[in-house]
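One structure below.
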Amino acid sequence: MGNVIAVDSISKLVTDARKEIQGARSSAELDQLETKILGKRSLLAMAHRELGELDLEQRKEHGRQLHEARQAIEKIIEDKRADVSKREREQRLIAERVDLSEVITDEVRSTIGRGKLHVVTQTCDTLVDVFVGMGFVVEEGPEAETDWYNFEALNMPPAHPARSMWDTFYLELGEPESVVLRTHTSPVQIRLMEEAARKSSLPIHAVMPGRCYRTETPDARHLAVFHQIEGLVVDEAITFGDLAGTIETFTRAYFGDGIHSRLRPSYFPFTEPSAEFEITCTICRGDGCRTCSGTGWIELGGCGLVDPAVFDAVGIDSEEWSGFAFGFGIDRCAQMHYQIADMRSLTENDLRFMRRF
Ligand code: PHE
């Protein structure tokens with residue numbers, strides 16, 4: 001069996017390898033070449049394995065040359081690799097460059113598309129803008145609440161039957177206190193009033209948007225995870241007229257001309273008197289249709305004057321202060337504003353739907 005590589009062709013091996021390596025255009029290509037030229041199945045490796053068949057003198061000489069050839073090729077690869085990765089890095093930097101001053105033209109935009117805020121977020125932002133324009137500040141509270149904030153301070157002691165008005169997710173049951181996923185944004189009222197009582201910083205004019213949870217089976221008009229915005233005013237000599245006026249002003253500002261509000265007697269443990277707040281049906285604009293069951297009105301939320309028992313729970317003197325509160329669904333608002341037939345579309349992330357807004 002003859003030698004794979006004759007001594008005099010070793011230098012040719014290095015020359016050929018250099019040519020091939022110089023032609024490599026990426027690190028991946030270079031890795032492949034390295035395996036081909038220096039790997040276990042390369043000519044060089046085979047020649048090395050055949051050294052054993054040579055006599056001592058030849059073996060020494062041939063072995064030395066093979067070793068030198070390998071070293072030379074390794075060096076060529078190493079230099080080339082440094083060169084290629086430098087170039088790759090430069091190209092990556094150029095490709096990933098972010099020009100913060102870049103103006104995206106409509107033409108570019110139409111090819112790459114652009115992300116935007118979810119319709120519920122857009123609706124929430126607009127609602128907040130309307131209320132800020134009316135002089136309210138914006139506050140937030142936690143989504144996991146203790147029993148005290150979600151129920152008890154809102155005038156619902158343990159076992160109060162009104163608790164069943166909210167289908168509740170319990171995170172922790174019992175001692176020292178149950179923890180729930182808030183079923184409405186009303187617990188944020190309690191937090192604000194406690195803080196204002198502690199700091200003597202009344203009056204309060206605040207809206208509180210946020211996510212709420214109920215163990216409901218989602219349908220065309222309900223979600224188990226949904227959003228509400230709560231309003232709270234605590235000031236001197238607040239009347240039901242202030243509440244009705246605020247709700248009507250908001251309705252006109254958000255829904256536009258031709259849409260009005262009305263209040264109908266209702267019950268919430270934390271307001272007295274309490275009312276349901278309805279707006280003109282935005283589908284039929286009051287004529288009566290299937291969505292509003294022919295009444296011309298759609299229920300949006302609840303409201304009322306803050307119950308003195310709630311003022312007692314948070315340490316505000318109800319002889320000196322009075323207030324109103326309201327709360328309504330942001331998702332429901334989006335549904336009415338954009339005439340979304342099925343509220344479940346809001347959570348399905350179907351791009352054909354999302355792109356409408
Ligand atoms: N928290 C009530 C609900 O979710 C709505 C409400 C808020 C009612 C404020 C009165 C006052 O059903």
Side-chain angles (χ1 to χ4, degrees), residues 124 127 131 136 138-143 145-156 160-169 180-194 204-216 221-235 238-248 250-251 261-279 298-311 313-314 316 318 321-333 335 343:
C124 182
L127 292 172
F131 284 113
F136 288 81
V138 185
E139 301 283 355
E140 282 178 328
E143 292 174 23
E145 279 289 17
T146 58
D147 189 272
W148 166 260
Y149 287 104
N150 199 76
F151 292 120
E152 192 156 356
L154 288 163
N155 197 23
M156 279 176 276
H160 192 290
R163 287 182 173 221
S164 62
M165 289 166 67
W166 294 272
D167 301 317
T168 311
F169 279 111
V180 303
L181 287 175
R182 66 178 178 197
T183 56
H184 48 181
T185 40
S186 298
V188 194
Q189 281 187 35
I190 301 299
R191 290 180 175 275
L192 291 194
M193 287 191 275
E194 279 182 344
I204 298 172
H205 303 86
V207 287
M208 298 142 261
R211 193 175 291 143
C212 305
Y213 304 80
R214 290 184 198 170
T215 56
E216 283 198 67
R221 281 161 50 82
H222 301 88
L223 297 174
V225 181
F226 60 102
H227 302 79
Q228 277 192 341
I229 186 163
E230 187 89 5
L232 174 69
V233 168
V234 179
D235 210 328
I238 293 294
T239 68
F240 207 85
D242 296 318
L243 168 62
T246 302
I247 287 186
E248 177 65 9
F250 153 74
T251 303
S261 64
R262 74 172 184 185
L263 302 178
R264 305 179 79 203
S266 184
Y267 171 75
F268 296 100
F270 34 93
T271 44
E272 178 59 36
S274 301
E276 243 155 42
F277 136 39
E278 297 184 337
I279 60 161
I298 291 279
E299 188 199 326
L300 212 56
C303 60
L305 296 185
V306 179
D307 193 301
V310 175
F311 281 139
V314 297
I316 290 178
S318 58
W321 301 96
S322 49
F324 67 72
F326 57 83
F328 58 89
I330 297 176
D331 317 75
R332 181 68 58 81
C333 255
Q335 180 170 39
M343 207 184 260

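Order of listing sets the numbers, starting from 1, for every ligand and every atom in it. All values reported here derive from a predicted model rather than from experimental measurement. Starting from 1, each residue takes its place in the sequence as its number.
The side-chain hydrogen bond (donor to acceptor under 3.5 Å, both in side chains) check on Thr183 picks up Asn150, with sequence neighbours excluded. Listed by chain and number, the residues in a salt bridge (Lys or Arg N to Asp or Glu O under 4.0 Å) with Arg221 amount to none (sequence neighbours excluded).
The ring-ring contact (aromatic ring centres under 6.0 Å, His included) with Phe277 is formed by just one residue from the set Phe324, Phe326, Phe328; it is Phe328.
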Subject >> Evaluation steps, side chain to side chain donor-acceptor pair (under 3.5 Å), between Glu278 and Ser261 >> reply: CA-CA 5 Å; Glu278 297 184 337; Ser261 64; over 6 Å; no
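The aromatic rings of His184 and Trp166 sit tilted, their planes meeting at an angle between 30° and 60°.
Each salt bridge (charged side-chain N to carboxylate O under 4.0 Å, His left out) pair with one or both residues in residues 182-193, not counting sequence neighbours, appears once here: Glu145-Arg191.
Ordered by chain and residue number, the residues placing a heavy atom less than 4.0 Å from ligand 1 are Trp166, His184, Ser186, Gln189, Arg214, Gln228, Glu230, Phe268, Phe270, Thr271, Gly302, Cys303, Ala325, Phe326, Gly327.
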